[in-house]
Asker: 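Below are the structure tokens for one structure; questions will follow.
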Amino acid sequence: MANDREVLRMIWEGQLALCFQADPDEIVGLQQPENFYLMVSRLSYLPLVTDKVKKYFSRFISDSQQDGTVWFDYNGAPLKLHYPIGILYDLFQEEGSQPWCLTIHFSKFPEDSLVKFETKDLLESYFMSCLKEADVLKHRGQVISSMQKKEHNQLWIGLVNDKFDQFWAVNRRLMELNGEQECFKYTPIRFYNEDGTYIQKLVSPLTESGKKKTVKDLLDELSTPKRKAVGAKTHGIDVHSETHLQWMSEHLSYPDNFLHLVIYYESV
């Protein structure tokens, strides 16, 4: 299981400074509100910070907008509400530039490009489905299915309330290896392109020769005759090419137990 506890805590404590601004076209009256600033966890999701931001802007919007589904954009690009905030930042923000300025919207939800998460229960359901999928890849689903409902709840509540010990008291079981197993069956990974789309594929943590697979091995697998995968980033870190996928899966996965990697390509 994950043994480098300092690394786990460092990843957990990663935060971003966000600046929320209102869409001028949605503001009632002549007074434009000041921007709202918030420190948020990289591991969290935008719907989990919506209440604080909406409360701040509520007196500047119409009654009809109060019950609308909130969404956000960056430079005109709607932000996926089910992507972890850290991945959104790594995809769209200029490196090293903070705070990250987002626009909040209270109307005209872009249903053609975003999935609605009107309640936190819907987001929790999505989060748990990701956890179950990751456990199927790692342990054939045997660990998550053996847990009690209260343990599932503890994972979600630990994330929502930013409680490291509460979350990892349960999550450590999802990171354990069975018996004499050296690696998970497959490594749960989502690969993000620079346009914000992602793909998934079955990735073994071992090479064909039985050695532990590295980031370099992974990039070679992702390369095509037309473009070469040259780098991977997660949690704002450019991952070293000799890092083992198994270690990354145990220590650098997001709370949904997936590695979320932004992949950089060069044309061949």
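Not measured: the values here are computed from a predicted model.
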Asker: Are D195 and K80 ion-paired here, with the side-chain N under 4.0 Å from a carboxylate O?
Answerer: no

Asker: Are L174 and V7 connected, step by step, through hydrophobic side chains (Ile, Leu, Val, Met, Phe, Trp, Tyr) whose heavy atoms are closer than 4.5 Å?
Answerer: yes

Asker: Is there side-chain contact between T187 and L218, with at least one heavy-atom pair below 4.5 Å?
Answerer: no

Asker: Taking the side chain as everything from C-beta on, heavy atoms only, tell me whether F117 gets closer than 4.5 Å to L46.
Answerer: no

Asker: Of all heavy-atom pairs between P205 and Q246, which one has the smallest distance, and what is that distance?
Answerer: CB-OE1, 4.0 Å

Asker: Using side-chain heavy atoms (C-beta onward) and a distance below 4.5 Å, is E176 in contact with V143?
Answerer: no

Asker: Quick check: H139 with F184 (ring centres under 6.0 Å apart)?
Answerer: yes

Asker: Where do I157 and Q154 land on the side chain to side chain contact (heavy atoms under 4.5 Å, CB included) test, with the steps shown first?
Answerer: CA-CA 5 Å; I157 294 169; Q154 184 171 330; 5.8 Å; no

Asker: For residues R190 and I199, determine if any side-chain heavy atom of one lies less than 4.5 Å from a side-chain heavy atom of the other.
Answerer: no

Asker: At their closest point, which heavy atom of L81 faces which heavy atom of V115, and how far apart are they?
Answerer: CD1-O, 3.8 Å

Asker: How are the rings of F127 and W156 set to each other: parallel, tilted or perpendicular (split at 30° and 60°)?
Answerer: tilted

Asker: Applying the 4.5 Å side-chain criterion to the ILVMFWY set and letting contacts propagate, would F258 and L177 be lumped into a single cluster?
Answerer: no

Asker: Flag the pair L222 / Y265 as yes when at least one side-chain heavy-atom distance between them is below 4.5 Å, and no otherwise.
Answerer: yes

Asker: Determine the interplanar angle of the F92 and Y74 rings, folded into 0 to 90°, and report it as parallel if under 30°, tilted if 30 to 60°, perpendicular if over 60°.
Answerer: tilted

Asker: Just verifying a value: how many Å separate L219 CG and F191 CZ, rounded to the nearest 0.5 Å?
Answerer: 9.0 Å

Asker: Quick one: do D51 and K120 satisfy side chain to side chain contact (heavy atoms under 4.5 Å, CB included)? Show the steps, please.
Answerer: CA-CA 10 Å; D51 288 348; K120 291 178 182 177; 3.4 Å; yes

Asker: Considering all heavy atoms of both residues, which atom of F20 and which atom of V49 are nearest to each other, and what is their separation?
Answerer: CZ-CG2, 4.3 Å

Asker: Parallel, tilted or perpendicular, judged at 30° and 60°: which one describes the rings of Y198 and Y192?
Answerer: tilted

Asker: Would F72 and T50 count as a side chain to side chain contact (heavy atoms under 4.5 Å, CB included) if you check the C-alpha gap in whole Å, the side-chain angles of each, and the deciding distance to 0.1 Å?
Answerer: CA-CA 10 Å; F72 305 85; T50 294; 3.8 Å; yes

Asker: Quick one: pull up OG in S204 and NZ in K185 and give me the separation to the nearest 0.5 Å.
Answerer: 8.5 Å

Asker: Closest approach of I263 and A229, non-hydrogen atoms and distance?
Answerer: CG2-CB, 4.0 Å

Asker: Are there over 12 heavy-atom neighbours, none belonging to K116, within less than 6.0 Å of that residue's NZ?
Answerer: yes

Asker: Decide whether N257 and S253 meet the rule of one side-chain donor and one side-chain acceptor closer than 3.5 Å.
Answerer: no

Asker: For F106 and E26, work out which heavy atoms get closest and say how close.
Answerer: N-OE1, 2.7 Å

Asker: Could you grab the distance from atom NE2 of H235 to atom CD1 of I11, nearest 0.5 Å is fine?
Answerer: 4.5 Å

Asker: Linking I/L/V/M/F/W/Y whenever any side-chain heavy atoms sit under 4.5 Å apart, do I144 and Y186 land together?
Answerer: no

Asker: Let's go through E124 and N153 carefully: what are the C-alpha distance in whole Å and the side-chain angles of both, what is the deciding distance for side chain to side chain contact (heavy atoms under 4.5 Å, CB included) to 0.1 Å, and is it a yes or a no?
Answerer: CA-CA 9 Å; E124 179 183 1; N153 292 341; 3.9 Å; yes

Asker: Taking atom types as modelled and ignoring hydrogens, do the side chains of T69 and E118 form a donor-acceptor contact shorter than 3.5 angstrom?
Answerer: yes

Asker: Has S58 got a side-chain atom pairing as donor or acceptor with K55's backbone, closer than 3.5 angstrom?
Answerer: yes

Asker: Are Y45 and F164 connected, step by step, through hydrophobic side chains (Ile, Leu, Val, Met, Phe, Trp, Tyr) whose heavy atoms are closer than 4.5 Å?
Answerer: yes

Asker: Mark yes when over 12 heavy atoms from residues, nucleotides or ligands other than K54 sit less than 6.0 Å from its NZ; otherwise mark no.
Answerer: yes

Asker: At their closest point, which heavy atom of D90 faces which heavy atom of R42, and how far apart are they?
Answerer: OD1-NH2, 2.9 Å

Asker: With under 30° as parallel and over 60° as perpendicular, where do the rings of H251 and W247 fit, or are they tilted in between?
Answerer: parallel

Asker: Do S223 and D220 have a side chain donor and acceptor closer than 3.5 Å?
Answerer: no

Asker: According to the interplanar angle, ranging from 0 to 90°, do the rings of Y254 and H260 count as parallel (below 30°), tilted (30 to 60°) or perpendicular (above 60°)?
Answerer: perpendicular

Asker: Any side-chain heavy atom of D238 sitting closer than 4.5 Å to one from Y264?
Answerer: yes

Asker: Calculate, to the nearest 0.5 Å, the distance between atoms CG and CD belonging to L155 and Q166 respectively.
Answerer: 9.0 Å

Asker: Quick one: are K226 and V268 in side-chain contact, heavy atoms under 4.5 Å?
Answerer: no

Asker: To the nearest 0.5 angstrom, please state how far the CG atom of D256 sits from the CE atom of M128.
Answerer: 11.0 Å

Asker: Would you say L252 ends up clustered with L137 if hydrophobic residues are merged whenever their side chains have heavy atoms under 4.5 Å apart, either directly or through other cluster members?
Answerer: no

Asker: Check whether any side-chain heavy atom of D165 sits under 4.5 Å from a side-chain heavy atom of R9, and report yes or no.
Answerer: yes

Asker: What distance do S145 atom OG and D135 atom CG have between them, rounded to the nearest 0.5 Å?
Answerer: 7.0 Å

